[in-house]
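Note on naming: letters A, B, ... go to the chains in the order of the sequence lines (proteins, then strands), and numbering restarts at 1 for each one.
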Protein chains: 2
Amino acid sequence: MAKVEQGTTEGKRMQISFDEELAALKEKILLMGSKVEEAIRLAMKSLVDRDSKLARQVIQSDRDVNDLEIEVDEICHRLLALHQPMAGDMRFITSAMKINSDLERMGDMAVNIAERALTLNEVAPLKPFIDIPHMASIAQEMVKVSLDSLVNKDADAAKKVCERDDEVDNLNDQIIRELISYMLEDRANIKRALDLILVSRYLERVADHATNVAEDVIYMVQGKDIRHRRG
Amino acid sequence: MAKVEQGTTEGKRMQISFDEELAALKEKILLMGSKVEEAIRLAMKSLVDRDSKLARQVIQSDRDVNDLEIEVDEICHRLLALHQPMAGDMRFITSAMKINSDLERMGDMAVNIAERALTLNEVAPLKPFIDIPHMASIAQEMVKVSLDSLVNKDADAAKKVCERDDEVDNLNDQIIRELISYMLEDRANIKRALDLILVSRYLERVADHATNVAEDVIYMVQGKDIRHRRG
């Protein structure tokens, strides 16, 4: 009798620790997401406002995201190694490991944008910023909604993120075409236009990573893989 | 007695199935790796030999890599869900999930290079190819060695991959500088130079992904994380 009770208490303790660790995992992913969203926002601000001090801050603060990536991975490993998660939790944990990589790479994109800002802020502006901030705001929105869909286990919201990826790709193509026309017009524009093309591509990759996150959420919720559909 | 024997047989059957599935995972990852290596090699060949038919083949065959990505993920999920892998196997499986994503993205880079080849093959060559094929061969070597290091659980070989990443980054910077000088020289060079800059960046990203694979191998072998070391 005593033995059975002990077993039950042990089981409960294990359960609580599992639930607590799972909650901590969710919290860290969201913290990382909010840091990445902020980094992209500030990197764009450093470009548009020509604020190199801010750009350097963005580059510095990427450390926090990198540290969080390692922490999230450690929590995932502990959850998998010490507990035997059920199918649903298992899918959450393995999705979290992938989303973790995507978030870290979005952080790298914010750093890349800030680095371009540092170069561009040294020279006269090529043209007023219109399309690139527009593209940035769509990409940021995609990051936000993809993480909300993770928390709410909302596959419909995640699908909407995937749908917006084409919009960003089209905008990227349009921006590159316009910047090439600036290059053709005057060779003095070439370096600046090239830096802006890179910024546009970094934002496109942010949107790609948000789409990856959304696809992982759909997999997690529905237990089916929607990547590379041939339909 | 009969029951104990049955239990043992059951245990053995489970073990064999686990080992078999783990072996299948290794095999699929290597198959995927060899397909990706080949795709990068052929994409570069389609560019250097101006062979658009080959470029289209590369784009088509990316489906195989995408299918393998889904298969590998499924095997990893089954291994984690149906068995309770020991620490070493667990690290192999979670590393395999990440390496899987990196390989799939390298496949995308081969497609991107082939797409640039299609565009570039329509116009006269800008200049003879020297540095870009050199960079490609380093990146391909990094992919190969990173996968060998995975199979042989060889952290030293993996470390050598990480060390070569700087070499590729420097080569990329040099290539971009040279291509910008072509752009400045004659506006007729701009579009072609820009396409070549993109090819150079795709190769740089292949090297980045190979470095990610190598870092995962080091983590797997040594059980410690070497990402984002602060020196």
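Between A:L194 and the choices B:L179, B:I180, B:I190, the side-chain contact (heavy atoms from CB on, under 4.5 Å) rule is met once, by B:I180.
Heavy atoms closer than 4.5 Å to chain A are found in the side chain of B:N212, but not in its backbone. Within the 4.5 angstrom heavy-atom criterion, atoms from both the backbone and the side chain of B:L184 approach chain A. With a 4.5 Å cut-off on non-hydrogen atoms, B:R205 touches chain A through its side chain but not through its backbone. B:L198 touches chain A through its side chain: at least one heavy atom from C-beta onward sits under 4.5 Å away, while N, CA, C and O do not. Heavy atoms of B:D102 lying under 4.5 Å from chain A belong exclusively to its side chain.
Residues A:M97 and B:K98 share a closest heavy-atom pair of CE-CE, 3.9 Å.
Note that NZ of A:K191 is 10.0 Å distant from CZ of B:R177, once rounded to the nearest 0.5 Å. Atom NE2 of B:H77 sits about 6.0 Å away from atom OG of A:S95, to the nearest 0.5 Å.
Salt-bridge annotation for B:R105 and A:D208: absent, with no side-chain N of the basic residue lying under 4.0 Å from a carboxylate O of the acidic one.
If you tally non-hydrogen atom pairs under 4.5 Å between each of B:M86, B:M183, B:E185 and chain A, the highest count goes to B:M183. Each of A:L80, A:I197, A:D186 has some count of heavy-atom pairs under 4.5 Å with chain B, and the biggest count is that of A:L80.
Other residues, nucleotides and ligands place more than 12 heavy atoms under 6.0 Å from the CD atom of B:Q174.
A:E167 is linked by a salt bridge (charged side-chain N to carboxylate O under 4.0 Å, His left out) to A:R164, counting only residues two or more places apart in sequence or in another chain.
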